[in-house]
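Every number for a ligand or one of its atoms is a count from 1 in the order of the listing.
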Amino acid sequence: MISREKHDRMANAIRFLSMDAVEKANSGHPGLPMGAADIATVLFTRYLSFDPKNPAWPNRDRFVLSAGHGSMLLYSLLYLTGYEDITIDEIKNFRQLGSKTAGHPEYGHAAGIETTTGPLGQGIANAVGMALAERKLRDEFGSDLIEHYTYAIAGDGCLMEGISQEAIALAGHLKLNKLIVFWDDNNISIDGPISIADSTDQHARFRASKWHTIAVDGHDPEAIAAAIEEAQKSDKPTMIACKTVIGFGAPNKAGTHKVHGSPLGAEEIAATRKALGWEAEAFTVPSDVLDAWRLAGQRSVETRKAWETNLLAAERKAEFVRRFSGELEAGLAPAISAYKQKLAETKPSPATRKASEDALEVINGVLNETIGGSADLTGSNNTKTSQTHSITPDNFSGRYVHYGVREHGMAAAMNGMALHGGVIPYSGGFLIFSDYCRPSIRLAALMGIRVIHVLTHDSIGLGEDGPTHQPVEHLAALRAIPNLLVFRPADATETAECWQLALESKKRPSAIALTRQNLMAVRTEYKEENLCARGAYDLIPASDAKVTIFATGSEIEIAVKASQALTAKGISTRVVSVPCIELFAEQSDDYQQAIIGNSPVKIAIEAGVRQGWDHIIGSDGAFVGMSSFGASGPYKDLYKHFGITPEAVVAAAEAKLS
Ligand SMILES: Cc1ncc(C[n+]2csc(CCOP(=O)(O)OP(=O)(O)O)c2C)c(N)n1
């Protein structure tokens, strides 16, 4: 039992570390850490199961600071509880270049940062994914190996963002009752009181989404504790509304937007020291308080050790350990090779979305960790295979999530699942709606985590649905995200190879763009080597080529036909397939030079915008693609209408040669 006095001093340690660090950095957000310090103190000293000396322990509780601007709350907690990565010097270097204590929590910078937060709403949606992964793995491995809570602190901003509704609805539907969200209900955001922009009854909203809700005084430790215990018993996810005062303790600024995002100033900090009876100097935590925190950091050591004993005795120990290491099953590569051999024999010509389903059928047969899904487009995205039965609220033995029409929530939940570990999430959606997932895809790339987005209907080739559904700028826009692999395979063999590469990329997300329309087989001979691994390769070599055509996906077929026509006219023509520009850009200069070559005429074909292609074809190269929105009509008519045809390529080549 922690006395009220001790609790207050422990919470005040968070408050002073936060206000002093923000003051020293001369930037940051002291208000939230000061206001939410009591919630965090109760959680970390009494309930959270964690071990700072073994921060990656798979069965730890997860804690997500969704309101990432309050990063000093998290850094203070990590320092106080004894995470080695966050020393007092890191706290002093808050927000400085090279420190682990970046402006917003960055996954990978320090142990204990479970996800990158800052873009409001993402964290709560990540937490849903973590809770989903926990529930799934508990079903699969049993509660001796996985059974833990996921806690998140969300602010008003997180709850105003639309993504939070997608996340909340999914969690409520799936009855993720080990998810507990604290709402830092402080009535303040940047522009002033919440009332200037929002009148939502959050309790009614959460309840309507099938959550349990509780309201407490967020500065009353016993009330917070009682709420957590009630939440732990709930058969629904729980939102605990904690009424708090932003900047709690600052005599003149508390409760106002002035403490949200600016240093308090020396005078106000001095006044706060007086008001809270805190005599220690900046960055000094009194030894009795630090000791109490360090003891709290050791609370779960026995639980962790008992878990390790469970793991040693577990029947599927090797599988569990492999899954959490992120390594793939050794059988995957031979299975893909055998499948490619079969493709070389049968030379099928499906749409690449169907080819993806066929590749997934092989992959899902070897890997138990893939968890598929779609944002209500399962039949269009072809993401469900014979192994992936649907997960339902009461049965998590399946491997397929019906995310509903919630692309953004889906992508953020997938990030949470990947961060949790033990699963590899892949999803389905239309390429055009990658825009709806973009903030989460960007964060996946920033964090360097393995999530795989199947994005079908990847061009005007989808036909009649028209320009609202036809991606034009989307490949370029996705390629603009650093550390994201954007694949656009040309046939069934390339699709299998791209899937293999996406799975093998442990530290980056992938987007696989796939067609609705059927495509001819272009890789008709079996090659054991994964040719897509280099990003671009000679599909039709030609010595002394006058013309080199570069293309991706569905436009490879056009490139092949154009090259045949040009060759028939005596113009030596090479075709290079470019399934992944990012991987190509990572090859040696020699390889890139050899592939780009020195034909006098270089042409790229892609049914999207030119942006991004000049690196390969040069600014004087010809581009056959889109420079406007698409149109509604049968796809063959559209290709003719927009001039993406073998004839147009031949004409472009001849014009350049003349
Ligand atoms: C998606 C997104 N939009 C805008 C911001 C900028 N921003 C940071 S904090 C904040 C206000 C958040 O208010 P609240 O959640 O109530 O936090 P508090 O004022 O309690 O610290 C805004 C708009 C952001 N970080 N993310």
Top protein contact for atom 18 (P) of ligand 1, by heavy-atom distance: His260 ND1, 3.4 Å
Atom CD of Gln96: over 12 foreign heavy atoms under 6.0 Å: yes
Closest protein heavy atom (residue, atom, distance) for atom 15 (O) of ligand 1: Gly157 N, 2.7 Å
Salt-bridge present (Arg479, Glu473; N to O < 4.0 Å): no
Heavy-atom protein contact below 4.0 Å for atom 6 (C) of ligand 1: no
Criterion side-chain hydrogen bond (donor to acceptor under 3.5 Å, both in side chains) against Asn252, the qualifying member of Lys258, Glu268, Glu267: Glu268
Other residues, nucleotides, ligands: >12 heavy atoms within 6.0 Å of Lys243 NZ: yes
Lys92 bridged to Asp20 by N-O distance under 4.0 Å: no
Subset of ligand 1 atoms that lie under 4.0 Å from at least one heavy atom of Glu161: 1 (C), 2 (C), 3 (N)
Per atom 8 (C) of ligand 1, closest listed option by heavy atom (Leu120, Leu159, Leu32, Ile246): Leu120
Whether Gly70 lies under 4.0 Å from ligand 1, heavy atom: no
Per-atom contacts, ligand 1 versus Pro119 - under 4.0 Å to a heavy atom: 26 (N)
Pair Thr383-Tyr400, side chain to side chain donor-acceptor pair (under 3.5 Å): steps then yes or no: CA-CA 9 Å; Thr383 38; Tyr400 196 83; 2.8 Å; yes
Atom indices of ligand 1, in the order listed, that fall short of 4.0 Å to a heavy atom of Gly155: 15 (O)
Ligand-side contact atoms (ligand 1) for residue partner Ile188, heavy atom cut-off under 4.0 Å: 14 (P), 16 (O), 18 (P), 19 (O), 20 (O)
Under-4.0 Å salt bridge between Asp458 and Arg488: yes
Within-shell test, His69 vs ligand 1, heavy atom, strictly < 4.0 Å: yes
Which segment of Asn186 sits under 4.0 Å of ligand 1 when only heavy atoms are counted: side chain
Glu222 and Arg46 ion-paired at < 4.0 Å: yes
Contact atoms of ligand 1, heavy-atom distance to Asp156 under 4.0 Å: 14 (P), 15 (O), 16 (O)
Salt-bridge present (Arg4, Asp8; N to O < 4.0 Å): yes
Sub-4.0 Å heavy-atom contact, Gly118 with ligand 1: yes
Tyr79 six-ring face occupied by Arg294 cation (under 6.0 Å, within 45°): yes
For atom 13 (O) of ligand 1, the protein heavy atom that lies nearest, with its residue and separation: Ser189 CB, 3.2 Å
Heavy-atom nearest neighbour of atom 22 (C) of ligand 1 within options Asp184, Ile190, Asp185: Ile190
